[in-house]
Amino acid sequence: MNVLSIETSCDETSISLVQDSEIRNRILSLVTRSQIKEHEAYGGVVPELAARAHLTNIEPIFKQSLQEAKFDLKDIDHIAVTAGPGLIGGVLVGVMLAKTLSMSLDKPMYAINHLEGHALTARLSHDVPYPYLLLLTSGGHCMFVEVLGFRQYRLLGQTLDDAAGECFDKIAKLLNFDFPGGPALEKKAVHGDAYRFAFPKPLEHSLKPNFSFSGLKTAVKQTIEKNPPDDQTACDIAASFQYTIGEIFKERTAKALGCSNHKVERLVMAGGVAANKYLRKELSDFCAQKSIEAVFPPMNLCTDNAAMIGWAAIEAIQNGIKPSGHDFAPKPRWPLEQLSF
Ligand code: KG4
Ligand code: ZN
């Protein structure tokens with residue numbers, strides 16, 4: 001089963017060829033182009049520019065992806081595409097290509113939820129068995145989900161305001177770090193003193209494993225505004241902020257473990273923020289103390305990529321899910337729990 005998959009929901013244009021083989025040979029090609037140049041002058045993703053860049057880039061990426069897999073159009077068995085949630089202009093570009101390929105090649109198409117792609121990535125990369133506890137943390141989402149089986153998602157908690165990735169990006173921008181902010185902040189934090197500034201951990205005393213990052217963001221902003229930082233202070237603020245996120249993640253994971261209906265044996269971290277090495281180490285040490293296995297997909301599969309979309313389609317096919325009709329409407333908002341049977 002060879003699946004050609006397309007991801008265009010934010011600022012990465014990505015196309016992959018994925019197959020349902022043993023773990024080493026699953027990803028036959030994965031070509032991802034980030035739109036850093038297009039957005040860096042604005043310090044954030046501009047939706048219209050993102051959509052236009054997807055339109056420009058999608059054809060060469062499609063060709064490169066086929067070439068790298070040494071594939072011909074006739075070798076494609078199924079088409080998978082991110083159909084939401086995300087920036088709708090970008091999603092439309094991917095969905096149009098998917099529909100065109102599906103109609104012209106007469107192959108079935110699967111409209112995939114982007115969050116489901118992140119949620120199942122550790123099964124693509126590590127063959128993680130169900131059930132597991134998922135911490136999905138990206139630019140638009142931050143949530144704990146009990147993944148009990150395919151399309152059996154139980155939401156345990158989520159952010160009540162900003163996502164963690166968004167918070168990384170905004171603080172990096174305030175500190176005049178490079179774009180994209182998350183990875184830039186992580187690099188600066190390596191040179192900083194994580195204990196210099198004590199930042200708040202909103203919802204610390206809540207019983208539920210929810211998150212809130214807006215108060216933390218405001219506290220960091222006020223620290224920056226009070227004393228415009230020199231280079232070292234900027235690194236110290238970055239390190240103190242990242243440390244606070246690590247503490248919040250560990251504390252909320254402990255709460256999520258208490259809310260789970262099953263004995264958790266594995267924690268999977270997914271989404272762009274899961275590419276942060278400091279946070280991976282903190283969560284991995286935390287899990288080791290609790291005798292829980294911590295699983296992190298490789299970096300290029302944490303951030304947005306089409307391979308995870310192809311894999312989600314493979315699991316859908318294996319579970320007897322019917323292909324999507326060509327009248328499927330892309331969804332800017334599409335909560336993961338809505339997919340549950
Ligand atoms: O999953 P993703 O690629 O796109 C969304 O679905 O949102 O996540 C992007 C987010 C951005 O906010 C980005 O700054 C953050 O993930 N991110 C990081 C790191 N790499 C990406 N945050 C912290 N440290 C990183 N190394
Ligand atoms: Zn994502």
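All figures in this text were calculated on a predicted structure; none of them were measured in a lab. Start at 1 and go down the list; that is how both ligands and their atoms are numbered. Numbering starts at 1 and runs along the sequence shown.
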### Query
What part of Asp169, side chain, backbone, both or neither, has a heavy atom within less than 4.0 angstrom of ligand 1?
side chain
### Query
Close to the Zn ion (ligand 2), meaning under 2.8 Å, how many protein N, O or S atoms are there?
3
### Message
Tell me whether Asp72 at atom CG has more than 12 heavy atoms from other residues, nucleotides or ligands lying less than 6.0 Å away.
### Response
yes
### Query
So, for Tyr243 and Phe241, is the gap between ring centers shorter than 6.0 Å?
no
### Task
Please identify which atoms of ligand 1 are closer than 4.0 Å to at least one heavy atom of His114.
6 (O)
### Single-linkage hydrophobic cluster, 4.5 Å side-chain cutoff, Val268 and Ile309 together
yes
### Summary
Looking only at heavy atoms, the pair that brings Ile112 and Ala80 closest together is CG1-CB, 4.3 Å
### Query
Under 4.0 Å from any heavy atom of Gly140, which atoms of ligand 1 are there?
7 (O)
#### Entry: Min N/O separation Gly181 to ligand 1 under 3.5 Å
no
### Task
Looking only at protein heavy atoms, identify the closest one to atom 22 (N) of ligand 1 and say how far it is in Å.
Gly182 CA, 3.6 Å
### Joint cluster assignment, Leu148 & Val295, ILVMFWY side-chain distance < 4.5 Å
no
#### Entry: Heavy-atom gap Pro183 to ligand 1 smaller than 4.0 Å
yes
### Task
Distance to 0.1 Å, residue and atom name: give those for the protein heavy atom nearest to atom 7 (O) of ligand 1.
Gly139 N, 2.8 Å
### Message
Looking at Ser291 and Cys287, would you say the former's side chain and the latter's main chain have a donor-acceptor pair under 3.5 Å?
### Response
no
### Query
Same hydrophobic cluster for Leu30 and Ile79, using side-chain heavy-atom links shorter than 4.5 Å among ILVMFWY?
no
### Query
So, for Phe150 and Tyr130, is the gap between ring centers shorter than 6.0 Å?
no
### Task
Ignoring angles and geometry beyond distance, decide whether Phe168 reaches within less than 3.5 Å of ligand 1 through its nitrogen or oxygen atoms.
no
### Message
If you apply the rule ring-ring contact (aromatic ring centres under 6.0 Å, His included), what do you find for Phe328 with Trp334, and how did you get there?
### Response
CA-CA 13 Å; Phe328 181 88; Trp334 191 3; 5.8 Å; yes
### Task
Would you kindly specify which portion of His141 sits under 4.0 Å from ligand 1, judged on non-hydrogen atoms: side chain, backbone, both or neither?
neither
### Task
Just jot down the side chain to side chain donor-acceptor pair (under 3.5 Å) partners of Lys170, sequence neighbours excluded, or say none.
Glu166
### Nearest-contact summary for atom 26 (N) of ligand 1 - protein heavy atom, Å
Glu186 OE1, 2.7 Å
### Query
Who pairs with Ala274 by side-chain contact (heavy atoms from CB on, under 4.5 Å), at least two apart in sequence or on another chain?
Met269, Cys302
### Query
Which residue pairs satisfy the salt bridge (Lys or Arg N to Asp or Glu O under 4.0 Å) criterion with at least one member in residues 210-219, sequence neighbours excluded?
Asp162-Lys217
### Message
So for ligand 1, is Glu12 a polar contact partner (N or O within less than 3.5 Å, distance only)?
### Response
no
### Task
Starting from atom 2 (P) of ligand 1, locate the nearest protein heavy atom and write down its residue, its atom name and how far away it is, to 0.1 Å.
Asp304 OD1, 3.2 Å
### Query
So, are Arg33 and Asp11 salt-bridged, with charged N and O less than 4.0 Å apart?
no
### Task
Specify the protein heavy atom at minimum distance from atom 24 (N) of ligand 1: its residue, its atom name, and the distance to 0.1 Å.
Asn276 ND2, 3.1 Å
### Query
Which atoms of ligand 1 have any heavy atom of Gly165 under 4.0 Å away?
12 (O)
### Query
Does Pro180 have a heavy atom less than 4.0 Å from any atom of ligand 1?
no
### Proximity to ligand 1 by part of His118, non-hydrogen separation under 4.0 Å
side chain
### Query
Any salt bridge between Glu282 and Lys250, counting N to O under 4.0 Å?
yes
### Taking atom 19 (C) of ligand 1 as the reference point, the nearest protein heavy atom with its distance
Gly272 O, 3.6 Å
